[in-house]
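Take a look at the structure set out below.
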Amino acid sequence: MFRILATRHVPLTRALATHASAPTRSLNPITRHDWSREDIQKIYDTPLLDLVFRAASVHRQHHDPTKIQLCTLMNIKTGGCSEDCSYCSQSSRYSTATKASKLVDIEPVLEAARKAKENGSTRFCMGAAWRDLAGRKRGFERILQMVREVRGMGMEVCTTLGMLSPEQARQLKEAGLTAYNHNLDTSREFYPKVITTRSYDERLDTISAVRDAGISVCSGGILGLGESDEDRVGLIYEVSNMPEHPESFPVNALVPIPGTPLEGNDRVAVHTLIRTIATARIAMPTTIIRLAAGRNTLPESEQVMCFMAGANAVFTGEQMLTTPCSPWDEDKAMMARWGLEGMRSFEQISVAKKEAARLEQRSSEAGHVTEAAPAAAR
């Protein structure tokens, strides 16, 4: 089957969500890892409609434009964090409505994951408000069990737990973790104005540990921190020059939270959001671009413009970590109006490659069970 594109004919075939063979939607894409800031700034400064058109063309060369990945995020350990991230209500340094709690038990997490899957989410993400996992051996063991159980449902699993050591990353990979979220947040230059308790290089070290363990990297940023256009370009410059482009690049629009240092910040303009998404799409053509926090404040027409510019994943469900989220029913209705459908688990090329061995094993085990069933019945 062929889809007619504006530039060329590209054969498109769909890989099964549970199948581990190499995806056949391969265009042998040339992904650059030598972008200069000037290159990216020039793209970012393109007149907006021209920029969106270019990004949409790139998007269609490397992705099915009708597919949006639905992801659900659960806060498994709220508040009490020792970090001073200026945007976050979970920091123990600020007086906010968010109260500290202990790590949740396993069963409520599995119940939430089952509900998410029933509603069409194919990636389940779990976040804990920690700086790192030091001294949290029992909690980490519980999280590893959560990862195993959710992965056993056939879902992609993502966690964000603060800084990781290479050994911790290895254990998460063995448990079945698909992706690890560790945002850079902004440019290297602007970062110290937002966070002082963890360095930019420490964040990059965690990302390296995740990548070296064979886990997909999810790393993006937050718009509306008070940064400039040059800082947004700087963020894209950092991630697009990594040895591997992140599997996913979340684009968050700051939701100013009372009690945090950034409570008085203005909401980011939608044209800035679209411009950032489009630039990231061109610089990282095979990456999933995730429209994340703040999406619920956008009218449907503005969300669709973000999809046109190259965004192809959203968080959906009851809530994100500490900010509101668009519910499943509203998102599914919106997608139906615009001819969009949910992406299956492990459908993205880079994820399927990293997960190939595990998916093949699961498929083989499922086949043995199917074959054994008639004999057992006899």
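Reckoned from all heavy atoms, side chains included, excluding hydrogens, waters and symmetry mates.
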Check whether any side-chain heavy atom of [X] sits under 4.5 Å from a side-chain heavy atom of [Y], and report yes or no.
X	Y	answer
Thr78	Gln90	yes
Leu235	Thr186	no
Val210	His182	no
Met155	Thr178	no
Ser86	Tyr94	yes
Asn181	Thr159	no
Arg290	Gln69	yes
Ile43	Trp35	yes

The test is salt bridge (charged side-chain N to carboxylate O under 4.0 Å, His left out); show your working for Arg170 and Glu167 and say whether it passes. CA-CA 5 Å; Arg170 184 192 64 78; Glu167 174 60 20; 2.4 Å; yes

Worked check of side chain to side chain contact (heavy atoms under 4.5 Å, CB included) between Arg295 and Thr316: CA-CA 10 Å; Arg295 180 174 69 91; Thr316 184; 4.3 Å; yes

What heavy-atom pair brings [X] and [Y] nearest, and what distance separates the two atoms?
X	Y	result
Arg267	Thr297	NH1-CG2, 3.7 Å
Ile106	Met146	CG1-CG, 4.1 Å
Gly176	Arg151	O-NH1, 2.7 Å
Leu164	Ala209	O-CB, 4.3 Å

What do you reckon, is [atom1] of [X] surrounded by more than 12 foreign heavy atoms closer than 6.0 Å?
X	atom1	value
Asp50	CG	yes
Glu111	CD	no
Arg138	CZ	no

Can any side-chain N or O of [X] pair as donor or acceptor with the backbone N or O of [Y] at less than 3.5 Å?
X	Y	value
Ser187	Gly234	no
Arg203	Arg198	no
Thr96	Gly259	no
Lys137	Gly139	no
Glu202	Ser199	yes
Gln348	Glu247	yes
Arg275	Tyr44	yes
Asp132	Gly162	no
Asn312	Ile288	no
Thr260	Ser89	no

Full working for salt bridge (charged side-chain N to carboxylate O under 4.0 Å, His left out) between Glu244 and Arg211: CA-CA 8 Å; Glu244 294 178 10; Arg211 184 172 55 241; 5.5 Å; no

Any donor-acceptor N or O pair under 3.5 Å, side chains [X], [Y]:
X	Y	answer
Ser228	Glu230	yes
Asn252	Tyr87	no
Thr72	Ser121	yes

Among Glu141, Arg142, Glu149, which residue satisfies the side chain to side chain donor-acceptor pair (under 3.5 Å) criterion with Gln145?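 So the option named by the test is Glu149.
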
Spacing of [X] atom [atom1] and [Y] atom [atom2] [to the nearest 0.5 Å]:
X	Y	atom1	atom2	answer
Cys85	Ile222	SG	CD1	8.0 Å
Thr160	Tyr180	OG1	OH	5.0 Å
Trp130	Arg136	CH2	CZ	5.5 Å
Glu156	Ser248	CD	OG	9.0 Å
Met334	Leu340	CE	CG	7.5 Å
Leu298	Gln303	CG	CD	5.5 Å

Taking Met126 as the starting point, is it possible to reach Met163 by hopping between hydrophobic residues whose side chains are less than 4.5 Å apart?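 No.
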
Linked, directly or transitively: Leu73 and Met343 (ILVMFWY side chains, under 4.5 Å):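 Shared cluster, no.
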
Might you work through the side-chain hydrogen bond (donor to acceptor under 3.5 Å, both in side chains) test for Glu83 and Thr197, ending with a clear yes or no? CA-CA 6 Å; Glu83 301 274 32; Thr197 51; 2.3 Å; yes

For the pair His271 and Ile274, evaluate side chain to side chain contact (heavy atoms under 4.5 Å, CB included) and give the outcome as yes or no after the intermediate values. CA-CA 5 Å; His271 60 80; Ile274 294 169; 5.6 Å; no

Working note: Leu51 + Ile282, criterion side chain to side chain contact (heavy atoms under 4.5 Å, CB included); need CA distance, chi angles, decisive distance, verdict. CA-CA 9 Å; Leu51 176 60; Ile282 293 166; 3.7 Å; yes

Under 30°, 30 to 60°, or over 60°: which ring-plane class applies to Tyr191 and Tyr200, parallel, tilted or perpendicular? perpendicular

Does Leu103 form a side chain to side chain contact (heavy atoms under 4.5 Å, CB included) with Ile76? I'd like the steps, not just the answer. CA-CA 6 Å; Leu103 180 66; Ile76 59 173; 3.9 Å; yes

Could you give me the CA-CA distance, side-chain angles and deciding distance for Lys193 and Asp231, then say whether salt bridge (charged side-chain N to carboxylate O under 4.0 Å, His left out) is met? CA-CA 12 Å; Lys193 297 180 181 178; Asp231 292 312; over 6 Å; no

Do the charged groups of Arg32 and Asp39 touch, with an N to O distance under 4.0 Å?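 Yes, this pair counts.
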
Check this for me: does any side-chain nitrogen of one of Arg148 and Glu174 sit under 4.0 Å from a carboxylate oxygen of the other? no

